[in-house]
Visitor: 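Below are the structure tokens for one structure; questions will follow.
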Amino acid sequence: MAVEFRVLGDLDVRVDGRTVRIGHARQQCVLAALLVEPNRVVPTGQLINRVWGDEVPDGAAATLRGYLSRLRQALAGADEVRIVRRHPGYLLAVDPDRVDLHRFRALTERARRAADDATAIGCLERALGLWRGDAFDGLTTPWLTAYRQTLDRQRLAAALDRNDIALRRGAHARLLPDLLDLSGRHPWDERLAAQAMLALYRCGRQADALEHFHRLRRRLAAEIGADPSPPLAQLYQQILTADTAVAPPEPAGGEEPSATATGPTGTARGGGTVPRQLPASPGVFAGRTAQLARLDEQLGDAGRPDGAAPPVVISSIGGGGGVGKTWLALRWAHANADRFPDGQLYVNLRGFDPTSDPVGWPVAVRGFLEALGVEPARVPADPEARASLYRTLVAGRRLLVVLDDARDAATVIPLLPGTPTSAVLVTSRRQLAGLVTTHGARPLPLDVLPDDEARELIVRQVGATRVAGQPDAVADILRFCGGLPLALGIVAARAALNPELALSSVAAELTTAVSPLDVLAGDEVTTNLRVVLSRSLAALTPAAAEVFALLGLAPGPDIGRAAAASLTARTPDELRRPLRELLDAHLVQEHVAGRYRMHDLVRSFAVERARGDPAGSRSALRRLVDHHLHTAHAAALLLSPQRDPLTLAPAAPGVTAERLDDLAAALAWFTGEHQVLLATIEYAAGAGLDVATGQLSWTLATYFDRQGHWHDWAAVARRAVESTRRSGDRPAQAQAHRLLAGACSNLGRYAEAQRNLLAALDLFAALGDDEGRAHTHFDLSMLHDRQRQPREALPHARRSLALYERVGSPLKQAVALNAIGWYHSQLGEHHDAITFCRRALALSEQAGSAYGQANTWDSIGFAHHHLGEYEHAVDCYQQALALFAEIGDRHAEGIVLDHLGDTWAAAGRADAARDAWRRSLALYEELGHADAEAVRRKLHR
């Protein structure tokens, strides 16, 4: 399977194009430390230094082994990658060409060895195109910080080499925007300053070139008391005197001539007017480096005079309102205008303009014809004839056509040139799938800005000093705007217009507003986020608009397709078309197959729309709660068939619970819905749905227990206790106390656990519920066991067995028998333990309980170990591990692996013992379990 490691930006690992999750930042640092030296052994000490620096924790070597083990698991699908233990450290075996860093270095080396400029600049462009941001972005260690600076210097050196070649080849106009941007980031580099001066002069901007020199001279004098170098001073004199030595060269073969090739009169080489219709480039622009590079790649074949490109190269920038589509298009268009010497056509099609109707294509064509020099009286009246004349006039010309804010593909198609020498850049809030299908448009979806680029946008508007002085306020602003460029622009403009206003005051206004959209109302309709979103909504069908409003109500970070169907009282088939509309309009994102989410500000707008029908909103949310409750109940019984099912009220009309066929499906559903279920319980508790709150909490207990999500378990159990107390449902209240006790026990809060169990016992006794009392006595026995109190645990286990026998519950008798056996083992009575546990195993097998069998095998293994029967013990533990793995109880796997390590150690198999303990520790660390430290001590002794 093809693997790709990308580190020239954030760390990104892909196998067959699929992103692989590498884990938390520290684990990513381990992989980064190996990737910089593929196929070379990195000593363990050096690896630890690279990952932790001077803050090396106790047990770092063992922790490192755990990280490496998880990295091996994450990369298991990539056959061509291996992490190998080789004295004195570790080696990452991988083809260096699979790592963008090493491809970058190979390409720059190839450029240095190239015999001609064309080959060299091709290699350098490809090398620089690999960069997506700062190397190892988001990872911070002392070693990585120093290494990142080295890579930054190598990146700059490659850019400077590329610039020299491009200037020799006459590509100064195309290069100029990059040069000015680089000069701003590297103001002391005199080689870069010389390149910028030369490009400015050759683009006809002699005064700007001279001023660039004076700025550098003033900076050098003020900061270090030095003058510019003699070569830079000589270049200044050459520019000042218009020396022919610095005149523009003739373009090399394959290079585009500069914009000056059209001549001073504004006429194209073949006659006719040269249109220059592009609006001004955005004054404040930040980030979008990857998207600009993608446009370079998509439109790289456009404007070629040899006609070797496709019929017409079209790039379609799609994204929601306010995401910055027009800014990106104009930024790229201005930076590449010199590639299209026959001009640039631009029209705002106003597909979603709040102030006027959309512009039809016949009107747009008329405007283009006039821009191309056709007298108004000679423009054909028939729209088709008009379009035909337009295509005739632009045939063979090297034009850039920008079609901004298109409502649909039908408006765009008549405006497309018919020859391969032109390029078309389209922006739209819709995906324009028809344009992709019928005309080969290359889509470029545009999302919100990442935090670093969003911060850069604020810095450019209000100034670096002001931003650096109030980091907390800036963080609040970034969090509020969620990377949406329009929101960032509105807030930053407000701060810039009020320089005396503290950014903390701006942030406070945002975070305390009744509605986030109230503070994002700019002075014009195009800078009012609510108006911008309203226009997107107005373009939807009534069904899609209704679904949009209801989706905004859904608790949690996202929603699955089946849950959305219940929320909207539609079947999945009926929901498909409205969802497609919302995706097409970029109001909703399908960030994972079958799961949908909204930007927070878009969601606020959707909630405002839903408030117009409060009764409908309450009904929709009740359907969603019922959907989650009925599906979670079925999933919980698949995870633990021995649990006594709840008695659920019928689901509301319009609800369709999801069908889950097996344990794996149930576990996957809980994993996917984890955060949503937490949010749903919070909603249900706040909305007074007390019965649903308690029942939803019950459904999550087994999943949370087996996956180690004990803090979440405790939080929902507290909600269950509160809601059942309010409703007066005493049986449910007793169960809620048991649930909370289980979570507290796992978290080591033993006193709180005992208080809740005693409360449950009192309630069950008052209700005359012997089975509830049996459950609670069993829980009390387990609580004492956790505190290493087997003598106190045993009477509770015996009491639970007697009660289970009274109510006739064989499976629960098995559980109690196993517990009794376990406590006998803890007291040193191992033969008695095996006797009780064998009875438990027989009952568990009869009942078909994998969980009961697994627990019992672990207990029997423990007894055999302490009788010195190590082979029997190992066999028992292997049986338990296989069963726990099958049912997905990772916490129990960690316990059994710890016991297995103890047995191997007692048997004199040190290597096998350490392997088992390492696996146990990895699970405990992942779950954040307190027992991890005890296992870590075993590994270090």
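Small disclaimer: the values here were computed from a predicted structure and weren't measured.
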Visitor: Which heavy atom of S566 sits nearest a heavy atom of V655, and at what distance?
Guide: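 Smallest interatomic distance, heavy atoms only, reads OG-CA, 3.7 Å.
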Visitor: Please give me the minimum heavy-atom distance between A507 and D476, naming the atom from each residue.
Guide: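 Taking A507 first and D476 second, the nearest heavy atoms are CB-CB, 3.9 Å.
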Visitor: Let's go through V402 and L400 carefully: what are the C-alpha distance in whole Å and the side-chain angles of both, what is the deciding distance for side chain to side chain contact (heavy atoms under 4.5 Å, CB included) to 0.1 Å, and is it a yes or a no?
Guide: CA-CA 7 Å; V402 180; L400 175 63; 4.1 Å; yes
Visitor: Which atoms form the tightest heavy-atom contact between S617 and A610, and what is the distance?
Guide: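 Minimum heavy-atom contact is OG-O, 3.0 Å.
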Visitor: Crowded around R643 CZ? As in, over 12 foreign heavy atoms under 6.0 Å?
Guide: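 Buried by this count: over 12 neighbours within 6.0 Å.
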Visitor: Would you call R719 and E682 a salt bridge, taking side-chain N to carboxylate O under 4.0 Å as the test?
Guide: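 Yes.
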Visitor: With no hydrogens and no angle check, do the side chains of D705 and T702 hold a donor and an acceptor under 3.5 Å apart?
Guide: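 T702 and D705 do not have a side-chain donor-acceptor pair below 3.5 Å.
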Visitor: Parallel, tilted or perpendicular, judged at 30° and 60°: which one describes the rings of Y703 and H709?
Guide: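 Correct class here is tilted.
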Visitor: When you measure from the side chain of E453 to the backbone N and O of P450, does any donor-acceptor pair fall under 3.5 Å?
Guide: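 Looks like no, no N/O pair under 3.5 Å.
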Visitor: For the pair F605 and F548, name the ring-plane relationship: parallel under 30°, tilted 30 to 60°, perpendicular over 60°.
Guide: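 Tilted, since the angle between the ring planes falls between 30° and 60°.
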Visitor: How far apart are the closest heavy atoms of S428 and A406, and which atoms are they?
Guide: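 The pair with the smallest heavy-atom distance is OG-O, 2.5 Å.
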Visitor: Do we see a donor-acceptor contact under 3.5 Å between the side chains of E658 and H627?
Guide: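 Yes.
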Visitor: Quick one: does H439's side chain have a donor or acceptor within less than 3.5 Å of a partner on A441's backbone?
Guide: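 Answer holds: no.
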Visitor: Taking only residues two or more places apart in sequence, or in another chain, which ones meet R595 in a side-chain hydrogen bond (donor to acceptor under 3.5 Å, both in side chains)?
Guide: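 Partners of R595 by the side-chain hydrogen bond (donor to acceptor under 3.5 Å, both in side chains) criterion, ordered by chain and then number, come out as D558, E673.
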Visitor: Do D584 and R580 meet the salt-bridge criterion of a basic N to acidic O distance under 4.0 Å?
Guide: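 No salt bridge links R580 with D584.
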Visitor: Is the NE2 atom of H711 crowded by more than 12 outside heavy atoms at less than 6.0 Å?
Guide: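 At most 12 heavy atoms, drawn from other residues, nucleotides or ligands, come within 6.0 Å of this atom.
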Visitor: Between D573 and R576, does at least one N-O distance fall below 4.0 Å, as a salt bridge requires?
Guide: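 Salt bridge flag = yes for R576 with D573.
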Visitor: Do R455 and D452 meet the salt-bridge criterion of a basic N to acidic O distance under 4.0 Å?
Guide: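 No, D452 and R455 are not salt-bridged.
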Visitor: Using modelled atom types and a 3.5 Å cut-off, is there a donor and acceptor pairing between side-chain atoms of S723 and backbone atoms of A685?
Guide: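 Not a single qualifying donor-acceptor pair exists.
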Visitor: Please list, chain by chain and in numerical order, all residues satisfying side-chain hydrogen bond (donor to acceptor under 3.5 Å, both in side chains) with R611, sequence neighbours excluded.
Guide: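 With sequence neighbours excluded, R611 shows a side-chain hydrogen bond (donor to acceptor under 3.5 Å, both in side chains) to no residue whatsoever.
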Visitor: Might you point out which heavy atoms bring F670 and A635 nearest each other, and give the distance in Å?
Guide: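 Closest approach of F670 to A635, heavy atoms only: CE1-CB, 3.4 Å.
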Visitor: State, to 0.1 Å, how close L660 and A666 come at their nearest heavy-atom pair, and which atoms those are.
Guide: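 Heavy-atom minimum between the residues: CD1-CA, 4.1 Å.
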Visitor: Taking 4.0 angstrom as the limit, do D405 and K325 come out as a salt bridge?
Guide: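 Looking at D405 and K325, the cut-off is not met.
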Visitor: Using the test side-chain hydrogen bond (donor to acceptor under 3.5 Å, both in side chains), find all partners of D100 that sit at least two apart in sequence or belong to another chain.
Guide: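 For D100, no residue satisfies side-chain hydrogen bond (donor to acceptor under 3.5 Å, both in side chains) once neighbours in sequence are set aside.
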Visitor: Do P383 and V365 come close enough that some side-chain heavy atom pair is under 4.5 Å?
Guide: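 Answer no - side chains too far apart.
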Visitor: Carefully, step by step, assess L415 and L349 under the rule side chain to side chain contact (heavy atoms under 4.5 Å, CB included).
Guide: CA-CA 11 Å; L415 302 174; L349 294 169; 4.1 Å; yes
Visitor: What residue among H628, R622, H630 forms side chain to side chain donor-acceptor pair (under 3.5 Å) with D626?
Guide: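 Of the listed options, the one satisfying the test is R622.
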Visitor: Donor-acceptor pair, R706 side chain versus L639 backbone, under 3.5 Å?
Guide: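 Present.
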